[in-house]
There are 2 protein chains.
Amino acid sequence: MSQARERGIPDATVARLPLYLRALNGLAERGTATVSSEDLAVAAGVNSAKLRKDLSHLGSYGTRGVGYDVQYLIYQISRELGLTQDWAVAIVGVGNLGRALANYGGFVSRGFRVAALFDADRSVVGERLVGMAVDHIDALESVIEDRGVSIVVIATPGAAAQQVADRVIAAGITSILNFAPVVLTVPDGVDVRKVDLSTELQILAFHEQRKADRDTGSPMMAGDWAEVMDA
Amino acid sequence: MSQARERGIPDATVARLPLYLRALNGLAERGTATVSSEDLAVAAGVNSAKLRKDLSHLGSYGTRGVGYDVQYLIYQISRELGLTQDWAVAIVGVGNLGRALANYGGFVSRGFRVAALFDADRSVVGERLVGMAVDHIDALESVIEDRGVSIVVIATPGAAAQQVADRVIAAGITSILNFAPVVLTVPDGVDVRKVDLSTELQILAFHEQRKADRDTGSPMMAGDWAEVMDA
DNA sequence: ACATGTGAATCCATTCACAGCA
DNA sequence: TGCTGTGAATGGATTCACATGT
């Protein structure tokens with residue numbers, strides 16, 4: 001039975017666990033004690049076979065004929081995701097986006113804590129934000145060390161991002177959430193996840209265009225690319 | 001030859017096209033005229049076989065023995081993504097995040113234009129932001145119609161998101177970029193992409209925990225979940 | 001000689017469908 | 001009976017490796 005917990009949970013599964021956790025928290029708030037894979041799947045927006053397979057990678061936490069205990073499953077998923085400890089997060093780049101991230105309540109949900117803010121602009125350094133003074137980027141390494149930061153969010157302009165990544169990695173960081181629109185090059189063992197607004201918009205535009213083409217029946221002319229390109 | 005353009009490009013490929021486009025723009029700025037799949041793959045952070053397979057879905061735009069013409073490939077990918085027209089984007093929810101998105105220059109890169117801003121808070125309505133007055137959410141349908149909005153970004157609190165989605169969909173929108181931490185339920189034919197900060201952090205925490213466990217060799221005790229859960 | 005474009009092989013994820021258990 | 005947990009079947013995506021064309 002269950003080869004489950006011995007080695008690696010599939011990436012696709014890990015990526016959905018936060019989703020399940022959120023759905024479970026919603027159920028818990030409404031006082032639901034027990035939930036079937038079918039109901040939980042609906043709440044999380046996935047199909048129930050996938051949900052059961054995903055949960056089976058963690059272990060056998062359900063009861064046949066009954067379903068899953070909501071509180072128990074919340075705990076198991078939280079533990080698996082490492083949310084029973086709290087993680088010190090640093091945000092590098094306190095521009096529009098960095099500020100929004102620092103203030104965004106849901107962002108620093110249970111398990112995470114903004115422990116440091118950095119910027120290169122001296123006129124921003126010292127400003128207080130969510131009860132925390134912005135440090136100058138010069139202090140990056142020492143502050144990361146002192147405050148036990150283990151996850152770094154990069155919210156700088158694209159041009160600065162790789163350099164910031166290099167420095168935090170040298171300082172021992174192995175988990176980076178990158179909002180800058182560049183591909184970061186990092187050594188093995190460092191995890192980078194990226195959030196890329198313009199990429200997401202472009203993917204939507206692609207599908208939107210497809211829908212429009214299908215409706216009008218217009219065949220999307222080949223066109224002379226040269227005239228569009230120069231400037 | 002090439003079944004390419006006749007029917008659907010794989011989703012995984014579509015999701016990478018913006019990446020290639022960005023890498024190509026970087027090369028173009030440095031005056032590079034021609035690039036091999038190997039070099040472009042490095043710039044985009046993928047492997048070259050994947051890159052070639054991806055591009056082959058668009059057509060045969062390379063030259064054997066030579067590589068790809070940078071400008072030409074930029075044009076072809078742009079066209080495929082629908083970036084040769086410009087898309088009117090509305091942002092719903094002008095809080096911290098909505099403001100950051102509106103101001104984020106790279107966000108509204110070539111092909112996209114912020115055409116409307118909405119908020120439910122009367123004290124925000126009328127405020128000007130990126131040369132545009134914030135409209136009250138009551139005007140959602142009429143403004144979307146009037147300004148030809150085709151992509152809506154939801155940056156509201158979670159509780160309002162589904163309601164906003166229902167309304168914009170009723171108004172004819174079929175492309176939504178959702179920043180609110182909820183699973184949106186939408187009819188077939190509507191595309192939703194979500195950007196979820198806390199999910200990304202949780203995925204990083206999972207891997208970070210794995211690394212820590214591997215280093216310490218600590219087996220992650222089973223623990224009594226009850227004591228962690230009550231409150 | 002060289003780099004693309006692509007069948008074939010492989011790997012991973014999803015879905016099906018049912019055995020096993022409460 | 002009802003719902004979980006999971007082998008088996010399916011479907012996609014990635015990678016390999018080379019035939020093809022310049």
Side-chain angles (χ1 to χ4, degrees), chain A residues 1-20 23-24 27 32-70 72-74 76-77 80 203 206, chain B residues 1-20 23-24 27 32-70 72-73 76-77 80 203 206-207:
Chain A
M1 61 245 15
S2 97
Q3 38 61 271
R5 284 303 321 296
E6 41 175 88
R7 268 289 93 189
I9 297 171
D11 285 348
T13 294
V14 172
R16 282 187 294 266
L17 291 180
L19 211 67
Y20 303 153
L24 284 163
L27 291 169
T32 309
T34 270
V35 68
S36 69
S37 64
E38 182 58 36
D39 290 352
L40 182 52
V42 169
V46 302
N47 107 8
S48 68
K50 179 148 60 184
L51 179 109
R52 286 198 303 278
K53 176 81 74 179
D54 282 343
L55 294 184
S56 78
H57 290 295
L58 312 189
S60 275
Y61 297 140
T63 307
R64 290 164 200 249
V66 178
Y68 301 90
D69 181 286
V70 172
Y72 184 58
L73 195 52
I74 286 174
Q76 290 298 346
I77 294 178
E80 198 63 56
I203 295 170
F206 171 86
Chain B
M1 62 249 4
S2 97
Q3 39 60 269
R5 284 301 323 295
E6 41 175 89
R7 269 287 94 190
I9 297 171
D11 285 347
T13 294
V14 172
R16 281 187 296 266
L17 292 179
L19 212 65
Y20 302 153
L24 284 163
L27 291 169
T32 309
T34 269
V35 68
S36 70
S37 64
E38 182 56 37
D39 291 351
L40 181 53
V42 169
V46 303
N47 107 7
S48 68
K50 179 149 59 183
L51 180 113
R52 287 199 302 279
K53 177 80 69 179
D54 282 343
L55 294 184
S56 79
H57 291 294
L58 312 189
S60 274
Y61 297 140
T63 308
R64 289 165 200 249
V66 178
Y68 301 90
D69 181 286
V70 172
Y72 184 58
L73 195 51
Q76 290 298 346
I77 294 177
E80 198 63 57
I203 295 169
F206 171 85
H207 292 293

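In the text below, chain A, chain B and the rest are named by the order of the sequence lines, each starting its count at 1.
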Side-chain N or O of A:Ser37 less than 4.0 angstrom from OP1 or OP2 on D:dC3?
no
At under 4.0 Å, does any side-chain N or O of A:Tyr68 touch on OP1 or OP2 of D:dG5?
yes
Taking atom [atom2] of [N] as reference, at what distance in whole Å does atom [atom1] of [X] sit?
X: A:Asp11; N: D:dT14; atom1: CG; atom2: C1'; answer: 14 Å
X: B:Gln76; N: C:dG5; atom1: CD; atom2: C1'; answer: 16 Å
X: A:Asp69; N: D:dC3; atom1: CG; atom2: P; answer: 16 Å
X: B:His57; N: C:dT6; atom1: NE2; atom2: C1'; answer: 10 Å
X: B:Ile9; N: D:dA13; atom1: CD1; atom2: C1'; answer: 15 Å
X: B:Arg16; N: D:dA13; atom1: CZ; atom2: P; answer: 9 Å

Which of residues 44-55 of chain B have a heavy atom under 4.0 Å from DNA chain C?
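Those residues are B:Arg52, B:Lys53.
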How long is the gap from CG on B:Leu55 to CG on B:Leu17, to the nearest 0.5 Å?
7.5 Å
Please examine the side chains of B:Leu24 and B:Val35, heavy atoms only from C-beta on, and report whether any two atoms are closer than 4.5 Å.
yes
Residues that A:Ser37 engages under side-chain hydrogen bond (donor to acceptor under 3.5 Å, both in side chains), provided they are two or more places apart
A:Arg52
Atom of B:Ile203, atom of A:Pro18 and distance for their closest heavy-atom approach
CG1-CG, 4.3 Å
Shortest non-hydrogen contact between A:Leu58 and A:Ile77, atoms and distance:
CD1-CG1, 3.9 Å
For A:Arg64 and for B:Glu38, locate the closest nucleotide of DNA chain C by heavy-atom distance; then report the residue assigned to the nucleotide nearer the 5' terminus.
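Looking at the nearest nucleotide for each, B:Glu38 comes out on the 5' side.
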Nearest-nucleotide 5' precedence on DNA chain D, B:Ala12 against B:Gly65
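Upstream on the strand: B:Ala12.
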Would you please indicate yes or no on a ring centroid separation below 6.0 angstrom for B:Tyr68 and B:Tyr61?
no
